[in-house]
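Structure record follows, encoded as structure tokens.
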Amino acid sequence: MLYLQLFIDGVVSGCAIGLVSVSFSYFYATTGTFHVAHAGIYTFSAYFAWWLVGVGVPFFGALALAVALGGVAGYLTQRLLYERLARNTASPLVMMIASIGLLTVLQNVVAILFTPNIVQFDLTWRLSHLSLGGISLSYPQALILVSSLVIVTALILFSRHSALGKRIRAVTSNPDLAEITRLAPKQVFAIVLAISSAIVAVPGVLIGVDQALQPYTSLLVLLTAVIAMIAGGIGSLRGAFCMSILLAVVQSMSVAFMPGRWSVAAVFGIFIVFILFRPEGLFRSRFSRAF
Amino acid sequence: MTLEARNLVAGYGDKSILDKVSFTLNDGEILAFFGHNGAGKSTTLKAVIGLIPVQEGELLLDGERIDKLPIAARLDRGIKLLPEGRGIFPDLSVKDSIDIVAQRNCTPGGSKIKKDDVYELLPNLARLRNSIAGEMSGGQQQILAFALALLGSPRCILLEEPSVGLQPDLVEDLFGKIREICARLGVSAILIEHKIASAMAIADHVMIINSGRLVFNGSKAEAETINLWSYF
Ligand SMILES: Nc1ncnc2c1ncn2[C@@H]1O[C@H](COP(=O)(O)OP(=O)(O)OP(=O)(O)O)[C@@H](O)[C@H]1O
Ligand SMILES: [Mg+2]
């Protein structure tokens with residue numbers, strides 16, 4: 001039963017990281033920009049929701065506003081930062097450094113606007129549990145499970161079947177041609193970052209509800225998400241999501257077999273096995289650009 | 001529609017490749033554009049559509065200066081490019097590629113070349129509708145690239161070796177279609193080709209470039225009286 005509970009906990013935390021991974025991957029595969037500040041938007045929207053709840057906004061209203069804020073922040077980040085850097089033909093390294101800078105700024109803005117402390121949502125249902133045959137799932141965990149499955153499925157369907165999703169894939173696979181066929185790649189990049197950032201607000205808020213909000217730990221979450229993206233196959237949304245769950249389950253269950261401090265090593269172990277023996281990732285991707 | 005280049009100088013970065021290239025292209029005309037590898041053919045077309053800046057000289061479309069306009073504004077005016085290499089979206093199916101490009105280039109009433117028109121014009125494409133572009137043969141990809149370049153309301157199409165990878169009978173077929181489109185819709189075309197005889201068959205004018213400088217610019221009749229190869 002302990003194993004089962006650890007397994008379930010791993011799946012839930014994998015789903016949350018999966019949302020970070022999928023949203024990061026969607027933008028990275030499209031633009032090639034290593035958007036470290038994704039972690040900043042994750043934190044920023046989470047604290048924003050916490051603040052809203054604090055001033056009396058109902059939780060789901062706060063979540064929706066955090067998602068909206070994430071979307072706007074993402075759109076502006078592409079338009080005001082990455083697009084300008086790209087115009088000056090900045091190298092990927094310069095883009096990444098700029099992104100790290102933005103992350104730092106966002107973390108500081110959180111500290112100034114909201115609080116520099118580790119805080120918890122003041123919600124009574126946070127600690128309520130569902131029990132299903134001996135396994136217990138907290139309400140926030142259930143929320144993470146359901147919302148991540150819905151969001152990832154929706155994003156995959158959007159990418160495959162909607163006109164905008166196809167346009168994004170077209171731009172991804174040949175940005176030069178997209179320019180001369182009027183697919184407006186610059187606009188598409190901004191839309192993609194808006195979508196990604198809106199999505200990343202969800203795990204930001206929900207992990208915050210499930211555990212606590214921490215101003216400076218989001219980079220670690222992003223690191224796991226990036227590992228999952230690479231091991232899952234860059235450009236494969238499904239791969240990033242499934243790999244996030246696999247990594248989180250291993251990390252969670254490893255606690256039962258070895259000292260807790262080894263759990264991160266276990267994650268990297270899997271990562272290394274994957275890049276050595278299956279460098280193309282978990283699933284072969286049909287959605288990527290040549291880097 | 002008249003496209004005119006006056007003493008065009010263009011290149012990459014600070015380097016100039018084109019050396020005062022001048023030409024005029026009228027409504028419905030086809031200009032065959034020849035030259036050795038690295039002569040500056042692609043560079044000329046890139047300057048016309050705006051992928052590289054014009055360093056000196058002028059580009060005029062119906063008398064309007066367009067050499068300072070961004071790519072999008074030139075596309076709006078009906079300049080279209082079939083680029084060198086892969087002019088397709090490898091991840092998308094033929095149908096999706098055409099749908100997306102049509103959606104962004106065709107207006108409900110007014111477009112000259114709509115989705116149905118390209119399928120009608122290129123029946124092979126209709127059969128490949130559900131194939132993934134990146135998984136098709138080189139020749140099939142080329143036909144799709146041609147279709148994508150046509151969608152919308154082209155007035156001047158810039159074609160970079162449209163025949164690359166096509167089997168011989170399809171080359172003739174494609175060139176016949178280019179001629180037909182130009183004549184029927186009053187579209188003009190610049191046709192970069194290494195298959196000189198095939199291109200000559202549909203051309204009105206011929207232009208030869210050698211190391212960035214135009215060395216021949218004349219009517220087809222004039223071109224037929226000379227040995228074109230001596231200009232390479
Ligand atoms: N991206 C680039 N950066 C710098 N120089 C370039 C670039 N592209 C082309 N050149 C140079 O410009 C010159 C003309 O090249 P261009 O591509 O116009 O030739 P072309 O006539 O189209 O040849 P081909 O028949 O091989 O396609 C060449 O000397 C080439 O080295
Ligand atoms: Mg060329």
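For the numbers below, each heavy atom of this structure counts, side chains included, while hydrogens, waters and symmetry mates do not. All of these numbers come straight from a predicted model, not from anything done at the bench. In what follows, chains are A, B, ... by sequence order, proteins preceding strands, each numbered from 1.
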Quiz prompt | Shortest non-hydrogen contact between Leu183(A) and Phe89(B), atoms and distance | solution =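 Looks like CD1-CZ, 3.5 Å.
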Quiz item: Which pair of heavy atoms, one from Pro83(B) and one from Leu177(A), lies closest together, and at what distance?
Solution: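 That would be CG-CD1, 4.1 Å.
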Quiz item: Are Arg167(A) and Arg104(B) side-chain neighbours, meaning at least one heavy-atom pair lies under 4.5 Å?
Solution: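 A side-chain contact exists here, since the closest heavy-atom pair is under 4.5 Å.
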Quiz item: Which answer fits Ile71(B), side chain, backbone, both or neither, if we ask what part of it has an atom under 4.5 Å from a heavy atom of chain A?
Solution: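 Contact with chain A is through the side chain of Ile71(B) alone.
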Quiz item: Between Leu51(B) and chain A, which part of the residue has a heavy atom less than 4.5 Å away: side chain, backbone, both or neither?
Solution: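 For Leu51(B), side-chain heavy atoms alone lie under 4.5 Å from chain A.
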State whether the number of non-hydrogen atoms from other residues, nucleotides or ligands found under 6.0 Å of [X] atom [atom1] is greater than 12.
X	atom1	value
Glu120(B)	CD	no
Arg160(A)	CZ	no
Lys177(B)	NZ	yes

Practice problem: Determine which residues belonging to residues 94-101 of chain B lie within contact range of chain A, meaning some heavy atom pair is under 4.5 Å apart, and list them by number or answer 'none'. | Solution: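 Interface residues of residues 94-101 of chain B: Asp96(B), Ile100(B), Val101(B).
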To the nearest 0.5 Å, how far apart are [atom1] in [X] and [atom2] in [Y]?
X	Y	atom1	atom2	value
Lys166(A)	Leu92(B)	NZ	CG	7.5 Å
Asp176(A)	Leu81(B)	CG	CG	10.5 Å
Lys46(B)	Ile180(A)	NZ	CD1	10.5 Å

Quiz item: Taking Asn174(A) for the side chain and Arg86(B) for the main chain, is one N or O donor matched with an acceptor at less than 3.5 Å?
Solution: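 The answer is yes, because a donor-acceptor pair under 3.5 Å joins these two groups.
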